[in-house]
Amino acid sequence: MMESMYNPHNICKWRGGLRSLLFVSLSLLLLHMSLSLSDAYAKQEKHVLILNSYNYGYAWTNNEVKGIESVLGNRNGIVVHTEYMDTKIANDDKYWDMLKAIYKYKYKRIRFDVLIATDDDALDFIKKYHEEIFPGVPAVFCGINNFNGSQTAGYDYFTGVNEEADLKATTDVALRLNPRLKNFIVVNDKMTTGVLLKKEFLDKTAGYGGSIKFTFLDNSTLAEIEDTVRGLNPQDSAVFYLSFFKDKSGASYSPSETIPQIAKAANVPMYGAVDYMLGYGIVGGMLKNSFYQGETAGRLALRILNGEKPGGIPVVMKSPNSFMFDYKALKRFNIDIRALPPGASVINIPETFYYKYKHIIWGIAAVITGLVIFIVILLFNILQRIKAQKELLQYQNHLEELVSARTNELNITNLQLEKDIAHRKQVEESLRQSQDKLVEAEKMAALGGLVAGVAHEINTPIGIAVTTASHLQDITSKLSTAINNKTAKKDELFNYFTHATKSSELILTNLERTSELVKSFKMVAADQTSQEMRLFNVRDYIEKVITSLSPKLKQTSCEIRLECPVDLQINSYPGALAQIITNFVINSLMHAFKDNDKGIITIEIVNNSDSLSLKYSDNGRGIPQENMGKIFNPFFTTNRAGGGTGLGLHILYNLITQALKGTITCVSILGEGTTFSVTIPIAPSNENS
């Protein structure tokens, strides 16, 4: 037995079996992967089943399906399956059980994501067999007559759109088009939809009472219906087509067969309730729109496919209806199209040449009208242009005459202007020279006034010194004579020394005072005439200027207060500063104060490193506002009778703005005083600058 195991022949067989096993295993693995990929791909697709109550070709059903497919048909990843129950031909329990078996077998490998039921039978079928064929699949309905919630009570997987015919609106239109209407023949059948429609019709028309008689032909053959409508009175009768798919004998019909035959037999207008009836012979009415029923259902299904629960989507209760009429039927019964409700749509309007090409006709008419208007405008413009050219020629001739005359006048005027300009330049030059002389004279007059004041001021101390020196000379001469005669006494000698000492002190004091006045005046006068830049102490210099003005100040009751740092030194023009202070003070003494006013003049100096700020203010009478814009003008003065020349502030303004490149502003309040603010650029104060 052991030998047979190691037989070479057996080993080859064992190896062959192993290869076969590996091949089968690999094949099964590939098949499993293929099925897995197929299932994964299939899971990516979403399947929708449209279950129609009626047959393919029935206009209402076809339009519902078109409406659904307009929403779902062109979307990637959605597969739409369509089934037709055809319940208008067969509609009993045995037939439904057969449909259940077919659908269960047919779709056993497909898991649907949404079911869409069109009309009542499909809704009832899904309710009955949902758990057997489509367990857990949400559903959407459309075309359900007079939905009130009871149809889906207890079924939380439903939502949809209501189908409700506005039968009263159609009846009202019939009365509007024929006010004598008394008799309405209603064509209907005994099928599920027909029974529901009859109940709905009776409910909606109950308000008419006995004014209109409604006769239902719901248990008749097609021939009997034709005989009945053929004998109606055209004055007071009309027909209402509700639904007729099967007669009392069991024969089945489609609306495309019955409506034309009944309409042809009837000698009165026939109205309807659904859009698919239009075009087969009915006049029209407020018609239900099957396409929009399907479109709305498709949108609801799409929301479910996107993850919403049907229980959270409310049923669309407003049925999409509209007034629709057939022009051929209106014409047959001489109904005026203008009597239709506003906004109503009409089909089969004959395409006359005008109707067919009205847009082109109106376009051509608009173009022709535009061209005519354009031509009229052009003709008008041409006439206006001819008239304007004639007038322009006249104006041109007249203008040439005016230009020639005006040229002569301008030549004469130019010559006169040249003479006037030359004369004006001479006058301006003369005025400038005169102004310069007056300004210089004003400066010299001011300086002369200072000289006179200083001369008067130093006269007193010099007189005292001379008198004291004369007295000292007299007592010295007497003492000398007494000494020479040897009659001098000791008391006389002591008395002489006492008088001599006091006289010497008095002479020295008055001469020092005189020297100080002369020195101050000399320095101020020299600075005003030299106009040289130098380094000086501002406070010390202004005090000397004030000292030189003391003869003027003694004639008044004014006081000058100086606020300036003691150690402030600047490198600038002291003569200009002296001129500024002098002009300010003299201007205040002449204009700000009366003779006995106790005035206060304040001078504030502040060093801003690169500029010097000088604030000069007095508490005088102030300047009227109407004069504020003229105070720096030459020769402007309000005290010409008192000796004012109007040049003081003008000289001061030019000195600050031109010579010193500074600025000056003035603020004045009448009765409170005037303040001048001056800013002067200064050079560095060190010695090397």
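We count residues from 1, following the sequence as given. Just so you know, these numbers come straight off a predicted model, no measurement behind them. Values below: all heavy atoms of this structure, side chains included; hydrogens, waters and symmetry mates excluded.
- Asp597 pairs by the salt bridge (charged side-chain N to carboxylate O under 4.0 Å, His left out) definition with nothing, not counting sequence neighbours.
- Looking only at distances, a side-chain donor or acceptor of Asn485 sits under 3.5 Å from a matching main-chain atom of Thr481.
- Side-chain atoms of Ser70 come within 3.5 Å of backbone N or O of Gly67 as a donor-acceptor pair.
- Annotation: salt bridge (charged side-chain N to carboxylate O under 4.0 Å, His left out) contacts of Glu559 (sequence neighbours excluded): Arg561.
- Looking at Ser477, its side chain never comes within 3.5 Å of a backbone N or O of Gln473 through a donor-acceptor pair.
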Determine all donor-acceptor pairs shorter than 3.5 Å in which one atom belongs to a side chain in residues 366-390; sequence neighbours excluded.
from: Thr369; atom 1: OG1; to: Ala365; atom 2: O; distance (Å): 2.7
from: Asn381; atom 1: ND2; to: Ile377; atom 2: O; distance (Å): 3.2

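- Residues Asn583 and Gln579 bring a donor and an acceptor atom of their side chains to less than 3.5 Å of each other.
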Test side chain to side chain contact (heavy atoms under 4.5 Å, CB included) applied to Val315 and Met317, step by step: CA-CA 6 Å; Val315 175; Met317 296 301 298; 3.8 Å; yes
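- Taking the side chain as every heavy atom from C-beta outward, Leu612 and Leu614 never approach each other to under 4.5 Å.
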Audit row: Leu302, Ile78, side chain to side chain contact (heavy atoms under 4.5 Å, CB included) steps and yes/no: CA-CA 10 Å; Leu302 186 62; Ile78 298 178; 4.3 Å; yes
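- A search for ring pair (Phe, Tyr, Trp, His ring centres under 6.0 Å) contacts involving Phe536 returns Tyr541, not counting sequence neighbours.
- Taking the side chain to side chain donor-acceptor pair (under 3.5 Å) definition, one finds that Glu308 meets it with Arg303, sequence neighbours left out.
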Worked verdict on Cys558 versus Leu589 for side chain to side chain contact (heavy atoms under 4.5 Å, CB included): CA-CA 8 Å; Cys558 294; Leu589 296 179; 3.8 Å; yes
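- Of the charged side-chain nitrogens involved, at least one lies within less than 4.0 Å of a carboxylate oxygen, so that Lys544 and Asp540 count as a salt-bridged pair.
- Interatomic distance, CG of Asp474 versus CG of Leu479, reported as 12.5 Å (0.5 Å rounding).
- Rounding to the nearest 0.5 Å places CG of Asp618 at 8.5 Å from CG of Asn587.
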Which donor-acceptor pairs under 3.5 Å do side chains of residues 662-672 form with protein atoms, sequence neighbours excluded?
from: Ser668; atom 1: OG; to: Ile623; atom 2: N; distance (Å): 2.7
from: Ser668; atom 1: OG; to: Gly673; atom 2: O; distance (Å): 3.3
from: Ser668; atom 1: OG; to: Thr674; atom 2: OG1; distance (Å): 3.0

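- For Phe676, the ring pair (Phe, Tyr, Trp, His ring centres under 6.0 Å) partners are Phe584, not counting sequence neighbours.
- Proximity of a side-chain donor or acceptor of Asn619 to a complementary backbone N or O of Ile600 within less than 3.5 Å is detected.
- Atoms CG and NZ, on Leu72 and Lys46 in that order, are 11.5 Å from each other to the nearest 0.5 Å.
- Between the side chain of Ser504 and the backbone N or O of Ala500 there is at least one donor-acceptor pair closer than 3.5 Å.
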Stepwise side chain to side chain contact (heavy atoms under 4.5 Å, CB included) check, Ile682 with Asn607: CA-CA 9 Å; Ile682 57 175; Asn607 182 20; 3.6 Å; yes
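- Atom CZ of Phe291 has more than 12 heavy atoms from other residues, nucleotides or ligands within 6.0 Å.
- Applying the salt bridge (charged side-chain N to carboxylate O under 4.0 Å, His left out) definition to pairs two or more places apart or across chains, those involving residues 403-423 are Arg406-Glu409.
- Side chains of Asn397 and Leu393 form a contact here, defined as non-hydrogen atoms less than 4.5 Å apart.
- Residues passing the side chain to side chain donor-acceptor pair (under 3.5 Å) test with Arg299, sequence neighbours excluded: none.
- Arg621 meets the salt bridge (charged side-chain N to carboxylate O under 4.0 Å, His left out) test with no other residue; sequence neighbours excluded.
- Residues Ile304 and Thr159 are in side-chain contact: their nearest non-hydrogen atoms beyond the backbone lie under 4.5 Å apart.
- In this structure Glu543 satisfies the salt bridge (charged side-chain N to carboxylate O under 4.0 Å, His left out) test together with Arg539, sequence neighbours excluded.
- Scanning for ring pair (Phe, Tyr, Trp, His ring centres under 6.0 Å) contacts around Phe632 gives Tyr653, with sequence neighbours left out.
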